[in-house]
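Below: the structure, in structure tokens.
Computed over heavy atoms, backbone and side chain alike; hydrogens, waters and symmetry mates excluded. Sequence lines set the chain letters: A, B, ... in the order given, protein chains first and strands last, and positions in each chain run from 1.
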2 protein chains.
Amino acid sequence: MTRSLDPAIQAPESVSELLERLDRIAGTLPKRLGQCADFLRHNIHLVAVSTVADLSAGAGVQPSAFMRFCQALGFSGFSEMQALFRAEYREFRPDYSERLSQLRRGGDDSPASLAASFAEAGHKSLVNLVNTLDHRALARAAEILADAGTIHLVGLRRAFAIVSSMGYLLDKMTVPAVVHRTFGQIESDHAIRSGDALLAVTFAPYSPETLELAIRAAERGIPVIALSDTAECPLRDVAEALLVAREMEVGAFRVPTAALTLATSLAVAVAQRRESRD
Amino acid sequence: MTRSLDPAIQAPESVSELLERLDRIAGTLPKRLGQCADFLRHNIHLVAVSTVADLSAGAGVQPSAFMRFCQALGFSGFSEMQALFRAEYREFRPDYSERLSQLRRGGDDSPASLAASFAEAGHKSLVNLVNTLDHRALARAAEILADAGTIHLVGLRRAFAIVSSMGYLLDKMTVPAVVHRTFGQIESDHAIRSGDALLAVTFAPYSPETLELAIRAAERGIPVIALSDTAECPLRDVAEALLVAREMEVGAFRVPTAALTLATSLAVAVAQRRESRD
DNA sequence: GTCCAAATGGAATAAATCTTCCATATCGGG
DNA sequence: CCCGATATGGAAGATTTATTCCATTTGGAC
């Protein structure tokens, strides 16, 4: 009765827990079970809508081998594993078809179908963010901001929502941070002291005020992190790290979903680093 | 042999074709089959991962009734219909899931894996937004704001990013809008004049300032639209329309992805309505 | 090369799920 | 109110799908 490699093991309770376990045991599996693991990793989305026969054929093994694989993962069998994927699917699948028929019925400019379009654009922006994210640059940015005395944030127009949200979040996590160019401020260079750092958020077409503030800070030796929507951002040369978050458009409009997600991640990472340092 | 209402009918070959047929015959179906149609329209995404027993229970009918419903749609049975949904699902290939799990693997507290988690949460928030969005309330909100003289926006703390972004967007589209409770303002009731409308954005735990401003406005007959993260928002009774955008958390943190998406949709819808009116 | 433990393939069995059938109930027209 | 047509519920049967079992193969240690 070798139900799993470790007989005391329990079944994963979520897909991400499963993937974690998969990674952990991946190297230790025998050939056929390894094929299953490999196939699963690359076709994870098929599990909810396939049979063991389908999946085992895809992996190039016998159904019984796939069965043993499920048990090695800690499940009682395939059905239990599939139930996990189906549950996750039920909860989080966009109802695109419903939306399509909504469009057919209601016409293209109903606010709800507009919202569906923006939501879809948001999905794409997030996928793109994850696929193109520069890990090194993000880690670097987190380090620099964690080492800084005060974190200065600047961003105008579309970028202001990003910095204000980040300012609030950092403040709530007791990280010293100030948002610049608000409340009728014209100049705020003097508030940026040696040992501080600046995060400049600017999207095309770039606000001259933001660029100038960042450039002056860089000239004084203040480390600058830039968050923009293209790699061709004018700050690319003065910034210690350039983070890029590109948004998909709906008509001429964009929701800064990816930028906000990236900024929030950065803020949380910075706060974590600061805490672990105290 | 009454396989379907029209014996010459052929099975739909895509989900949208199916929905079209569903709309066409919806009114003509007997009671139980009507229940099936209604349930299907609202839970179309469940078909791929459910059994007839599940679906018929959901619709409140016997499995045999659901069977007859499938046949009325032109399918030979449930399995044929389900195959359609499974096929469509297999094709929608989120190729980023692989990437996402790679990121997650790279250590739990690296900024990049944090970003991956937030991105994943964002996807879920958007899916949830689309699936639970109250079309009627959104359309109502757009109407009211389009009819208003000036649109007043209020939202503090986490909600401020939403209103500031919306304020910028409305302004860019030449819609009269002002953001309240900024720049050290204490009172701003007097700026809200008859014929105007107020959009209040507030998330649990609700800012008293926002609630009070909204309540006072409502008492004066100003129409109030509320945007919140639950249907239990304290403004639910005073608001003409309550919009709900719930965000998935990562640890204790949230990115207001869904709220921002909804707010942007609303702003664009309002601007469109105003333009078509001029 | 031999032996043992582990892995594998394939077929037999068990379980679940789909589908049909028919007795009963409901509805509408005359 | 009666009758025929249609709709319905429930359970039995057919089919698909999951799971287990075991004979055979493989791979590695000595």
Side-chain angles (χ1 to χ4, degrees), chain A residues 1-7 9 11 18 25-40 46-87 89-90, chain B residues 1-7 9 11 18 25-40 46-87 89-90:
Chain A
M1 153 66 134
T2 48
R3 168 133 297 180
S4 69
L5 300 183
D6 174 356
I9 209 168
L18 182 157
I25 67 170
T28 75
L29 292 171
K31 187 175 164 205
R32 295 277 115 114
L33 268 49
Q35 283 173 244
C36 294
D38 197 52
F39 181 78
L40 187 63
L46 291 183
V47 179
V49 297
S50 303
T51 65
V52 246
D54 293 340
L55 295 177
S56 59
V61 305
Q62 289 286 325
S64 52
F66 204 91
M67 227 41 226
R68 284 192 295 271
F69 169 69
C70 295
Q71 291 166 353
L73 246 29
F75 297 103
S76 69
F78 173 72
S79 297
E80 195 177 310
M81 174 169 128
Q82 188 178 51
L84 205 64
F85 284 88
R86 292 191 167 175
Y89 174 92
R90 284 199 183 88
Chain B
M1 156 69 138
T2 49
R3 168 133 301 180
S4 71
L5 301 182
D6 174 357
I9 210 168
L18 182 158
I25 67 170
T28 76
L29 293 171
K31 187 176 164 205
R32 294 280 114 115
L33 269 48
Q35 283 174 243
C36 294
D38 198 52
F39 180 79
L40 188 63
L46 292 184
V47 178
V49 297
S50 303
T51 65
V52 247
D54 293 340
L55 295 176
S56 59
V61 305
Q62 289 286 325
S64 53
F66 204 92
M67 220 52 222
R68 284 192 295 271
F69 168 70
C70 295
Q71 291 166 353
L73 246 28
F75 297 103
S76 69
F78 173 71
S79 297
E80 194 177 311
M81 174 168 128
Q82 189 178 51
L84 204 65
F85 285 88
R86 308 246 249 222
Y89 174 75
R90 286 199 183 88

Counting side-chain heavy atoms from CB outward, which of C:dC18, D:dT8, D:dT19 is closest to B:Leu33?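 So the nucleotide nearest the side chain must be D:dT8.
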What's the closest nucleotide to the B:Phe78 side chain, out of C:dG9, D:dT8, C:dC18?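 So the nucleotide nearest the side chain must be C:dC18.
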Under 4.5 Å between any side-chain heavy atoms of A:Leu40 and A:Leu55, yes or no?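 Side chain of A:Leu40 against side chain of A:Leu55, heavy atoms only: no contact under 4.5 Å found.
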Contact between B:Phe75 and B:Leu18 at the side-chain level, heavy atoms closer than 4.5 Å - yes or no?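 Side-chain contact under 4.5 Å: yes.
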Provide, to the nearest angstrom, the distance between the [atom1] atom belonging to [X] and the [atom2] atom belonging to [N].
X: B:Arg86; N: D:dT16; atom1: CZ; atom2: P; answer: 14 Å
X: A:Gln82; N: D:dA18; atom1: CD; atom2: P; answer: 7 Å
X: B:Met67; N: D:dT15; atom1: CE; atom2: C1'; answer: 12 Å
X: B:Phe75; N: C:dC18; atom1: CZ; atom2: P; answer: 15 Å
X: B:Lys31; N: D:dG9; atom1: NZ; atom2: P; answer: 8 Å
X: B:Phe69; N: D:dT6; atom1: CZ; atom2: P; answer: 20 Å
X: B:Gln35; N: D:dT8; atom1: CD; atom2: P; answer: 8 Å

Counting only side-chain nitrogens and oxygens, does B:Thr51 get under 4.0 Å of the OP1 or OP2 atom of C:dA16?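 Result: no.
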Looking at D:dT20, I'd like to know if its phosphate oxygens (OP1 or OP2) sit under 4.0 Å from a side-chain N or O belonging to A:Gln71.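 Answer yes for this pair, as a side-chain N or O of A:Gln71 is under 4.0 Å from OP1 or OP2.
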Nearest heavy atoms of [X] and [Y], plus distance in Å:
X: B:Ala59; Y: B:Phe39; result: CB-CB, 3.7 Å
X: B:Val52; Y: B:Phe66; result: CG1-CD2, 4.0 Å
X: B:Val49; Y: A:Arg90; result: O-NH2, 2.8 Å
X: B:Ser50; Y: B:Gln82; result: O-NE2, 2.6 Å

For [Y], does its backbone N or O pair with a side-chain atom of [X] as donor and acceptor, under 3.5 Å?
X: A:Gln62; Y: A:Ser56; result: no
X: A:Gln71; Y: A:Gly77; result: no
X: B:Arg68; Y: B:Leu33; result: no

Starting from the 5' end of DNA chain D, give me the residue, B:Val61 or A:Ala53, whose nearest nucleotide shows up first.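 It is B:Val61, whose closest nucleotide lies nearer the 5' terminus.
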Considering only nitrogen or oxygen atoms on both sides, find all protein atoms under 3.5 Å from nucleotides 11-14 of chain D and state each distance.
none

Table of protein N/O atoms under 3.5 Å from nucleotides 22-27 of chain C N/O atoms:
none

